[in-house]
Amino acid sequence: MPKVNISLNGRSYAISCDEGQEARVLELGGIIDKKMREIAKSGAARSESYLLVLTALVLTDELLGEDNVLDIQKQERQKEIDIKAVSHLTARIETLAEKIAS
């Protein structure tokens with residue numbers, strides 16, 4: 001199993017990964033390192049482990065925040081489609097009712 005070394009806030013970590021995933025692990029490590037350094041600069045973390053926890057929370061919040069926005073947008077689009085379908089069916093029923101009444 002291949003190993004890659006990622007650097008997080010100046011510390012090196014050896015990470016095992018599946019064959020062919022080395023570049024992806026390095027890319028993900030770079031994203032985490034960038035966020036950690038931003039948080040570290042703000043002075044919000046009092047220890048390395050606390051910095052790791054804060055980074056995990058921030059990245060998870062960003063991830064879930066995007067998913068929630070997408071879910072809300074999908075729901076709004078579906079609602080518009082449903083309203084149009086109901087309007088179309090209502091008009092169709094009214095037309096048929098008029099024909100039957102004649």
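Just the heavy atoms: all of them, side chains too, but no hydrogens, waters or symmetry mates, feed the values below. Count residues from 1 along the sequence.
For the salt bridge (charged side-chain N to carboxylate O under 4.0 Å, His left out) test, no residue two or more places apart in sequence or in another chain qualifies with Arg11. With sequence neighbours left out, the side chain to side chain contact (heavy atoms under 4.5 Å, CB included) criterion links Glu80 to no other residue. Ser47 meets the side-chain hydrogen bond (donor to acceptor under 3.5 Å, both in side chains) test with Ser49; sequence neighbours excluded. Residues passing the side chain to side chain contact (heavy atoms under 4.5 Å, CB included) test with Ile83, sequence neighbours excluded: Lys79, Ser87. Every residue meeting the side chain to side chain contact (heavy atoms under 4.5 Å, CB included) condition with Glu76, not counting sequence neighbours, appears here in chain and number order: Ile72. Qualifying side-chain hydrogen bond (donor to acceptor under 3.5 Å, both in side chains) partners for Glu98, counting only residues two or more places apart in sequence or in other chains: none. With sequence neighbours excluded, no residue forms a side-chain hydrogen bond (donor to acceptor under 3.5 Å, both in side chains) with Thr95. For Asp18, there are no side-chain hydrogen bond (donor to acceptor under 3.5 Å, both in side chains) partners at least two apart in sequence or on another chain.
Nearest approach of Ser12 to Asn5, heavy atoms of both residues: OG-CB, 3.9 Å. Nearest heavy-atom pair across Leu8 and Glu48 is O-OE2, 4.0 Å.
Between the OG1 atom in Thr55 and the CD1 atom in Ile39 there is a gap of 3.5 Å [rounded to 0.5 Å]. Between atom CG of residue Leu51 and atom CZ of residue Arg46 there is a gap of 11.5 Å, rounded to the nearest 0.5 Å. Once rounded to the nearest 0.5 Å, the distance linking CE of Met1 with SG of Cys17 reads 7.5 Å. Distance check, rounded to the nearest 0.5 Å: OG of Ser16 to CD of Gln21 gives 13.0 Å.
The 12-atom threshold is exceeded at OH of Tyr13, counting heavy atoms of other residues, nucleotides or ligands nearer than 6.0 Å.
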Can you give me every donor-acceptor pair (side chain of residues 23-35, partner residue at least two apart or in another chain, under 3.5 Å) with its distance?
from: Arg24; atom 1: NH1; to: Glu27; atom 2: OE1; distance (Å): 3.1
from: Asp33; atom 1: OD1; to: Asn9; atom 2: N; distance (Å): 2.6
from: Asp33; atom 1: OD1; to: Arg37; atom 2: NE; distance (Å): 3.2
from: Asp33; atom 1: OD2; to: Arg37; atom 2: NE; distance (Å): 3.0
from: Lys35; atom 1: NZ; to: Glu38; atom 2: OE1; distance (Å): 3.4
from: Lys35; atom 1: NZ; to: Glu62; atom 2: OE2; distance (Å): 2.8

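Taking Ile, Leu, Val, Met, Phe, Trp and Tyr as members and joining any whose side-chain heavy atoms lie under 4.5 Å apart, directly or through other members, the hydrophobic cluster of Val53 also contains Leu57.
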